[in-house]
Amino acid sequence: MAIKEIEGKLNHAEGNIGIVVSRWNHFITDKLRDGAVHSLKKHGYTDDAITIAYCPGSYEIPLVSQKMAESGKFDAVIAIGTVIRGSTTHYDFVAGSANSGVLHVNHTSGIPVIFGVITTENIEQAIERAGTKAGNKGEEAAMTAIEMISLLKQIESL
């Protein structure tokens, strides 16, 4: 008997993708959103397969991600936000809550919920991750969603 090896593929434009975008720090999240949409289209997704829901901030991302995941209308959800450290502990609460909330939805929903929330020390780092020196983390999140959809479909068909 041979060992079965499976991995997700990026040429798997199947199903619908939900994208949750925080409006807080929109000058960064708009670029991350655009990167995700560009990547999805590059890999074969059409406008009709992509739904974008906007929420006030990164703290609200888990709830919107959960509602999208529970709707049964999406094969993956991409959570996009930006949390930039300030001079108070607010950063720690928002970043931690966004992370643990999205992780919970990812583990309980049955579909991939991709953490595309960038957490940075300053605005310069956020800009770098939104399409300059460090690439576009929204594009990377979209590719992760595509690969995970493909991988889960293969696991289901074993």
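Computed from heavy atoms alone, side chains included, the values below leave out hydrogens, waters and symmetry copies. These numbers were taken from a predicted model, which means no experiment stands behind them.
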Working to the nearest 0.5 Å, report the span between [atom1] of [X] and [atom2] of [Y].
X: H26; Y: K31; atom1: NE2; atom2: NZ; answer: 10.5 Å
X: I80; Y: C55; atom1: CD1; atom2: SG; answer: 10.5 Å
X: N11; Y: E147; atom1: CG; atom2: CD; answer: 10.5 Å
X: L158; Y: I6; atom1: CG; atom2: CD1; answer: 5.0 Å
X: Q154; Y: E7; atom1: CD; atom2: CD; answer: 8.0 Å
X: S150; Y: D75; atom1: OG; atom2: CG; answer: 11.5 Å

Between K153 and E14, does at least one N-O distance fall below 4.0 Å, as a salt bridge requires? yes
Assess whether a salt bridge exists between R33 and D30, defined as any Lys/Arg side-chain N lying under 4.0 Å from an Asp/Glu carboxylate O. yes
Treating Ile, Leu, Val, Met, Phe, Trp and Tyr as nodes and any side-chain heavy-atom pair under 4.5 angstrom as an edge, say whether [X] and [Y] lie in one connected cluster.
X: V21; Y: I61; answer: no
X: V20; Y: M143; answer: no
X: L32; Y: I146; answer: yes
X: I149; Y: I50; answer: yes
X: V117; Y: Y54; answer: no

Evaluate the criterion side chain to side chain contact (heavy atoms under 4.5 Å, CB included) for residue pair T51 and N16; output intermediate values, then yes/no. CA-CA 8 Å; T51 300; N16 295 306; over 6 Å; no
After noting the C-alpha distance and the side-chain angles of I78 and I17, does the key distance pass the side chain to side chain contact (heavy atoms under 4.5 Å, CB included) rule? CA-CA 8 Å; I78 302 167; I17 305 282; 3.8 Å; yes
[X], [atom1] atom: more than 12 neighbouring heavy atoms under 6.0 Å:
X: F115; atom1: CZ; value: yes
X: K73; atom1: NZ; value: no
X: I52; atom1: CD1; value: yes
X: F27; atom1: CZ; value: yes

Under 3.5 Å donor-acceptor, [X] side chain and [Y] backbone:
X: E139; Y: N136; answer: no
X: S97; Y: F93; answer: yes
X: H38; Y: D34; answer: no
X: N122; Y: Q125; answer: yes
X: T132; Y: I127; answer: yes

Any side-chain heavy atom of [X] within less than 4.5 Å of one from [Y]?
X: W24; Y: T82; result: no
X: R23; Y: T29; result: no
X: I19; Y: L40; result: yes

What is the minimum heavy-atom distance between [X] and [Y], and which atoms define it?
X: F74; Y: M68; value: CD1-O, 3.3 Å
X: S22; Y: P56; value: OG-O, 3.8 Å
X: A49; Y: G15; value: CB-O, 3.6 Å
X: S109; Y: A69; value: CB-CB, 3.6 Å
X: A145; Y: A76; value: CB-CB, 4.0 Å
X: A95; Y: T119; value: CB-CG2, 3.8 Å

For T144 and E140, does a side-chain donor sit closer than 3.5 Å to a side-chain acceptor? no
Might you work through the side chain to side chain contact (heavy atoms under 4.5 Å, CB included) test for K41 and D47, ending with a clear yes or no? CA-CA 8 Å; K41 287 184 175 185; D47 288 348; 2.6 Å; yes
Applying side chain to side chain contact (heavy atoms under 4.5 Å, CB included), run through V64 and V77 and close with a yes or a no. CA-CA 10 Å; V64 179; V77 174; over 6 Å; no
